[in-house]
Amino acid sequence: MSESVNPIREQWQSRFSFIMAAIGSAVGLGNVWRFPYIAYECGGGAFLIPYFTALFTAGIPMLILEMGLGKRLQQGAPMAFGSIRKPLQWFGWWAAGLSAGIVIYYSTILSWSWVYLFHSLKTAWGTEPELFFVEQVLHRSGGPTQLGTPVWPLVGGMALTWLSIYLILRKGVRNVSRVVLITVPLPMILLAVLLVRGLTLPGAMDGIRYYLTPDFSKLFNITIWLKAYGQIFFSLSLASGVMIGYGSYLDRHTEINNSALITGLANCGTSFFAGFVVFSMLGYLARIQGLPVPEVTQSGTGLAFVAFPMAISKLPALNAFFGIIFFITLLTLGIDSAFALQEAFTTGFYDKWRVPTEKLARYFVMIAFVLSLLFTTRGGFYWFDIVDKWICDFGLVISGMAQCLIVGYLYRIGEFRRYLNHHADIRIGAWWEWALRYFTPFILTVILAGNVMQEFKGAYSGYARWITLAGGWGVLLIWIILAYILWKIPEKQEQRTKNKEQRKKTGII
Ligand code: PHE
């Protein structure tokens, strides 16, 4: 440990801890409610072809880039980009700001999950889970302009979420090392329990057949490929500074290439596995309702808070038990993604001004809690939807593109590859440079162009234009200004010298 580049900075206890934390951040709600549904929509078993192509041509190369950049520069995204070129610190803050934005709305899903955990005791949603979700849980208003007051149980769920994040992060990454020993395996075990229950129900096989029957004709459709890339980006927590932040706590000897491969495969394996759980239950639901499987399937919030609860209340026995298992799965899946996101942002304040870890955790959690109250209001659901759409479909795509171009063209990428291959279990070839300089930026440009064009065709989900301008573009633009301010506030003098020495050691200048 004493040979690390910057001895003051904290470090993971072992490579194993690092990989577990990286898997914890990647494996999240996206694996359970987004992947199975996208796979089903996009050709079932045949979707695995674009999905794994996306994993190997863009996902793993970017994962290597991010983890490697963090390890080499020993700093989170803001200062890491700042040490490549000074003004790029501005971009670094913006990219890390996306992670702050994501965790603020991601916490909403965790707050719903807390509320549902409580309702599971009595399977309170009964046989009308949709009505229950909209009216009893969200108390949803008619539209985003009718905010109304905060819904108190949701505020309670939110408070529990932020309290958990604070307690985990206040002692820094060493504590994270310990927590992920629970939050990574536990949801896998619980998913396995749900799978056994699911597979032994009548109709399960119909659901699985729907999930996996390959429809190769869909592979000729370009949008399916773009969806595969979009899903890989979100699912591997790329472009938000998360993996740079986690990589920055590594020591000099830790291997990157294979660690990235393991993280990527574990994440995608979990998604594939979760698909069996989800579709066995949906098959059952279809059978008892006498409907075809497509009519009971829903993605996103609908799947987790409507279709699944419905299946749970129709189980022959132990309904409350399976309800509790399902919502604990969601909570443990989501919490390690949430604290990884917060860490990605706050580490910038440590790097630049040496703000102590506990203080950072405390202040961030307090401010974020207040901001997240917007999503607990009666109109909060709509704002959640808008912010999610803009940060993922525009923010992360732009950030990923910029990241590839910066490292591909301003960072002596050939030398970086040699650095990564030094001591590596697996050596990466010139294809990696090619992927980052040409292929991934190209794909991201196409995705972005598609998303922008769709916006021009009509406002998202029929919201009024000014709403998406404020909640979508507004949030992204305000961040450009805030990131500029954070860049311009000078770093501590002694910190400046330390950072400079560090950059010399790592061969940046
Ligand atoms: N990968 C997480 C999931 O699948 C979400 C996430 C996105 C986390 C971006 C961090 C950064 O749920």
Side-chain angles (χ1 to χ4, degrees), residues 20-39 51 54-55 58-60 62-63 66-67 70 76-77 94-110 112-113 161 165 169 176 180 183-184 187-188 191 227-247 260 263-275 278 299-301 303-304 329-347 368 384 387-400 403 444:
M20 286 292 268
I23 294 177
S25 102
V27 174
L29 303 162
N31 301 59
V32 174
W33 78 24
R34 272 186 99 203
F35 174 82
Y37 187 77
I38 294 184
Y51 186 68
L55 175 68
I60 304 272
M62 276 198 74
L63 212 47
E66 295 196 7
M67 289 175 167
W94 185 75
L98 294 178
S99 66
I102 299 177
V103 66
I104 290 170
Y105 79 77
Y106 202 82
S107 57
T108 313
I109 312 169
L110 295 173
W112 297 340
S113 306
T161 304
I165 297 179
L169 283 185
V176 169
V180 290
T183 58
V184 174
M188 311 271 182
L191 277 175
K227 279 199 176 165
Y229 279 89
Q231 172 62 13
I232 283 287
F233 272 91
F234 182 78
S235 195
L236 291 181
S237 311
L238 294 171
S240 54
V242 165
M243 294 298 176
I244 302 182
Y246 270 3
T263 307
L265 289 177
N267 176 63
C268 295
T270 310
S271 290
F272 188 53
F273 176 61
V278 167
S299 71
T301 46
L303 176 68
T329 309
L330 286 193
L331 284 167
T332 47
L333 275 176
I335 198 77
D336 38 18
S337 302
F339 60 68
L341 284 158
Q342 171 165 332
E343 179 61 33
F345 180 65
T346 52
T347 188
F384 163 84
V387 175
D388 171 50
K389 160 93 183 162
W390 257 261
I391 294 191
C392 293
D393 283 10
F394 299 102
L396 289 181
V397 180
I398 295 171
S399 162
Q403 215 166 270
L444 289 173

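Read the numbers this way: they start at 1 and go in the same order the structure lists the ligands and their atoms. Sequential numbering from 1 along the given sequence is applied to the chain's residues.
For ligand 1, one of its N or O atoms has an N or O atom of Tyr106 under 3.5 Å away. Checking only distances, Ser240 never comes within under 3.5 Å of ligand 1, N or O to N or O. The shortest N or O to N or O distance between Leu29 and ligand 1 is under 3.5 Å. At under 3.5 Å, a nitrogen or oxygen of Phe234, whether backbone or side chain, sits near a nitrogen or oxygen of ligand 1. Considering backbone and side-chain N/O of Ala26, one or more are found under 3.5 Å from N/O of ligand 1. For a threshold of 3.5 Å applied to N or O pairs, the pair formed by Val242 and ligand 1 contains no separation below that value.
Summarising the geometry, atom CG belonging to Leu330 is positioned 8.5 Å from atom CG belonging to Leu110; distances are rounded to the nearest 0.5 Å.
Within the 3.5 Å criterion, the main-chain N or O of Ala239 finds a donor-acceptor partner in the side chain of Ser399.
Each of Leu238, Ile244, Leu444 was scored for a side chain to side chain contact (heavy atoms under 4.5 Å, CB included) with Gln403, with one residue passing: Ile244. Applying the side chain to side chain contact (heavy atoms under 4.5 Å, CB included) test between Asn267 and each of Ile232, Asn31, Leu55 identifies Asn31 as the sole match.
Residue contact check: Asn31 has heavy atoms under 4.0 Å from atoms 4 (O) of ligand 1. Shown in contact with Ser235 at under 4.0 Å from a heavy atom are these atoms of ligand 1, numbered in order with element: 1 (N), 4 (O). Close approach of ligand 1 to Ser25 (heavy-atom distance below 4.0 Å) involves ligand atoms 1 (N), 2 (C), 8 (C).
The side-chain contact (heavy atoms from CB on, under 4.5 Å) search around Ile398 returns Trp94, Leu448, not counting sequence neighbours.
At a 4.0 Å heavy-atom cut-off, ligand 1 does not touch Ala340 at all.
Protein heavy atom in closest approach to atom 11 (C) of ligand 1: Leu341 CD2, 3.3 Å. When only non-hydrogen protein atoms are considered, atom 8 (C) of ligand 1 lies nearest to Ser237 OG, 3.3 Å.
Checked against a 6.0 Å centroid threshold, the rings of Tyr51 and Phe35 count as neighbours.
For Lys227, the NZ atom counts as loosely surrounded, since its 6.0 Å shell holds 12 or fewer non-hydrogen atoms of other residues, nucleotides or ligands.
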Inset, instruction - Quick one: do Met62 and Leu236 satisfy side-chain contact (heavy atoms from CB on, under 4.5 Å)? Show the steps, please. - result: CA-CA 9 Å; Met62 276 198 74; Leu236 291 181; over 6 Å; no
